[in-house]
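One structure is given below, encoded as structure tokens.
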Amino acid sequence: MRILIVEDEAGVAGFVEQGLTEAGYAVDIARNGPDGLEYALAFEYDAVVLDIMLPKMNGLDVLREMRNQRVKTPVLLLTARDGVDDRVRGLDVGGDDYLVKPFAFPELLARIRALLRRPPLQSGNILSMDDLEMDISQREVRRAGKHIELSPREFSLLELLLRHPNQVLTRTQIVEHVWNFDFYSDTNVVDVYIGYLRRKIDRNFDPPLIHTVRGVGYRLSEEKDD
Ligand code: CA
């Protein structure tokens, strides 16, 4: 596994490099934003550790450009303790996780392992499965090239399913992510909205993507039920 570290502080870069190398990773280091972007575009890294405060081009711009160029590599952002806005923006522009400085090396290692376990990120603002496509920023959904009109709630529900492909989501998980507290007690609402979604994205298309996992919840998958 090859990891890119984009960090201008020599001390931090050095200790991360040493630790990751000892843990068996191949490590490259870039010391400023433009170099980091160039490396990230030039090589297929398995993960990128990206500092936000960088000379010449900050980490958020590097990340945004990576995602624009459809680089799907998981990115762990390094942020300042008081950088709440940076963290939010970082996740919004396509960061996968963040770590607040100063951090302990074992935590960095654990987070990198977690990132590497994830299926490859779908690029930029597009989530897709089979011929179903969702453009997050344009809030547009298409299946087989056909535009599908969804209500905001249906959109959030489908987005949640697309972000967890082939994973069973319980009614409780769904209700907690898509509805507010008022609905916590009533998971029937999930079944109702799944019904709406099915009519729009599955009824006139093949294969069906929304699968019921009896007694548990739902799963978005191209595979047929067992
Ligand atoms: Ca820095």
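Keep in mind the model is a prediction, meaning the values are calculated, not measured.
The shortest heavy-atom contact between Pro34 and Pro55 is CD-O, 4.0 Å. Annotation for Val168 and Gln173: closest pair O-OE1, 3.8 Å, computed over non-hydrogen atoms. The two residues Asn32 and Leu54 make their nearest non-hydrogen contact at C-CD1, 4.5 Å. When all heavy atoms of Leu109 and Ala23 are compared, the pair lying nearest together is CD1-CB, 3.9 Å.
A continuous path of hydrophobic side-chain contacts links Phe15 to Val27 [ILVMFWY only; heavy atoms under 4.5 Å]. Tracing side-chain contacts under 4.5 Å through hydrophobic residues (I, L, V, M, F, W, Y), one never reaches Val100 starting from Val84; they form parts of separate clusters. A single hydrophobic cluster is not seen to contain both Val88 and Leu63; linkage of ILVMFWY side chains at heavy-atom distances under 4.5 Å, directly or through other members, places them apart. Cluster annotation: Val192 and Leu160 are assigned to the same hydrophobic cluster (Ile/Leu/Val/Met/Phe/Trp/Tyr, side-chain heavy-atom contacts under 4.5 Å, transitive). Hydrophobic clustering (side-chain heavy atoms under 4.5 Å, transitive across Ile, Leu, Val, Met, Phe, Trp, Tyr) groups Val93 together with Leu41.
Using a 4.0 Å cut-off between charged nitrogen and carboxylate oxygen, Arg64 and Asp61 count as a salt-bridge pair. Glu133 and Lys146 are not joined by a salt bridge, as no carboxylate oxygen comes within less than 4.0 angstrom of a charged side-chain nitrogen. Electrostatic pairing of Glu140 and Arg142 counts as a salt bridge here, judged by a charged N lying under 4.0 Å from a carboxylate O. Salt bridge status for Asp96 with Arg67: present, with a side-chain N to carboxylate O gap under 4.0 Å.
For the atom pair Arg171 CZ and Leu169 CG, the distance stands at 11.5 Å (nearest 0.5 Å). We find the CG-CG distance between Leu108 and Leu20 to be 5.5 Å, quoted to the nearest 0.5 Å. How far CZ of Arg111 is from CG of Leu77: 11.5 Å, rounded to the nearest 0.5 Å. With values rounded to the nearest 0.5 angstrom, Met129 atom CE is found 6.5 Å from Leu162 atom CG. Note: Glu154 CD to Arg198 CZ = 13.5 Å, rounded to the nearest 0.5 Å. Taken to the nearest 0.5 Å, the OG atom of Ser151 stands 8.0 Å off from the CG atom of Leu197.
The shortest distance between side-chain heavy atoms of Asp97 and Leu99 does not fall below 4.5 Å. Contact of the Val62 side chain with the Leu37 side chain is registered, since non-hydrogen atoms from C-beta on lie closer than 4.5 Å. When side chains are defined from C-beta on, Ile52 counts as touching Thr79, because their heavy atoms get closer than 4.5 Å. Between Leu220 and Pro165, the closest side-chain pair of non-hydrogen atoms is not below 4.5 Å. Within the 4.5 Å cutoff, no side-chain heavy atoms of Glu7 are placed close to those of Val16. Side-chain contact between Tyr45 and Ile3 is absent, with no heavy-atom pair separated by less than 4.5 Å. At least one side-chain heavy atom of Phe103 sits under 4.5 Å from a side-chain heavy atom of Leu78. Using a 4.5 Å heavy-atom cutoff, the side chains of Tyr196 and Leu150 are not in contact.
In the hydrophobic clustering (ILVMFWY side chains linked at under 4.5 Å, chained through shared members), Met53 stands by itself.
Counting only distance, with no hydrogens or angles, the side chain of Glu107 and the backbone of Ala104 share no donor-acceptor pair below 3.5 Å. Between the His211 side chain and the Glu223 main chain, a donor and an acceptor come within less than 3.5 Å of each other. Counting only distance, with no hydrogens or angles, the side chain of Asp130 and the backbone of Leu132 share no donor-acceptor pair below 3.5 Å. Remark: the backbone N or O of Ile148 is not paired with any side-chain donor or acceptor of Lys200 at under 3.5 angstrom. Proximity of a side-chain donor or acceptor of Arg87 to a complementary backbone N or O of Ala80 within less than 3.5 Å is detected.
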For this session: Apply side chain to side chain contact (heavy atoms under 4.5 Å, CB included) to the pair Leu76 and Val48, showing each step before the final yes or no.
Result: CA-CA 6 Å; Leu76 175 68; Val48 177; over 6 Å; no
Exercise. Thr21 and Tyr25: side chain to side chain contact (heavy atoms under 4.5 Å, CB included), yes or no, with the steps?
Worked result: CA-CA 5 Å; Thr21 305; Tyr25 296 99; over 6 Å; no
For this session: Please step through side chain to side chain contact (heavy atoms under 4.5 Å, CB included) for the pair Lys101 and Glu9, ending with a clear verdict.
Result: CA-CA 12 Å; Lys101 286 177 165 182; Glu9 287 163 68; 2.8 Å; yes
For this session: Report the C-alpha distance between Asn166 and Glu222 in whole Å, list the side-chain angles of each, state the deciding distance to 0.1 Å, and finish with yes or no for side chain to side chain contact (heavy atoms under 4.5 Å, CB included).
Result: CA-CA 8 Å; Asn166 304 307; Glu222 295 158 80; 5.8 Å; no
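Within the cation-pi definition used here (under 6.0 Å to the ring centroid, within 45° of the axis), Arg139 qualifies as a partner of Phe155.
Residue pairs that meet the salt bridge (charged side-chain N to carboxylate O under 4.0 Å, His left out) test with at least one member in residues 13-35, sequence neighbours left out, are Arg2-Asp28.
Side chains of Tyr98 and Asp86: no donor on one and acceptor on the other come within 3.5 Å.
The residue from Thr170, Asp191, Thr212 that alone fulfils the side chain to side chain donor-acceptor pair (under 3.5 Å) condition with Tyr218 is Asp191.
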Can you list, pair by pair, the side-chain donor-acceptor contacts under 3.5 Å of residues 201-210, counting residues two or more places apart and other chains?
{"from": "Asp202", "atom 1": "OD1", "to": "Arg143", "atom 2": "NH1", "distance (Å)": "3.0"}
{"from": "Asp202", "atom 1": "OD1", "to": "Leu209", "atom 2": "N", "distance (Å)": "2.9"}
{"from": "Asp202", "atom 1": "OD2", "to": "Leu209", "atom 2": "N", "distance (Å)": "3.0"}
{"from": "Asp202", "atom 1": "OD2", "to": "Ile210", "atom 2": "N", "distance (Å)": "2.9"}

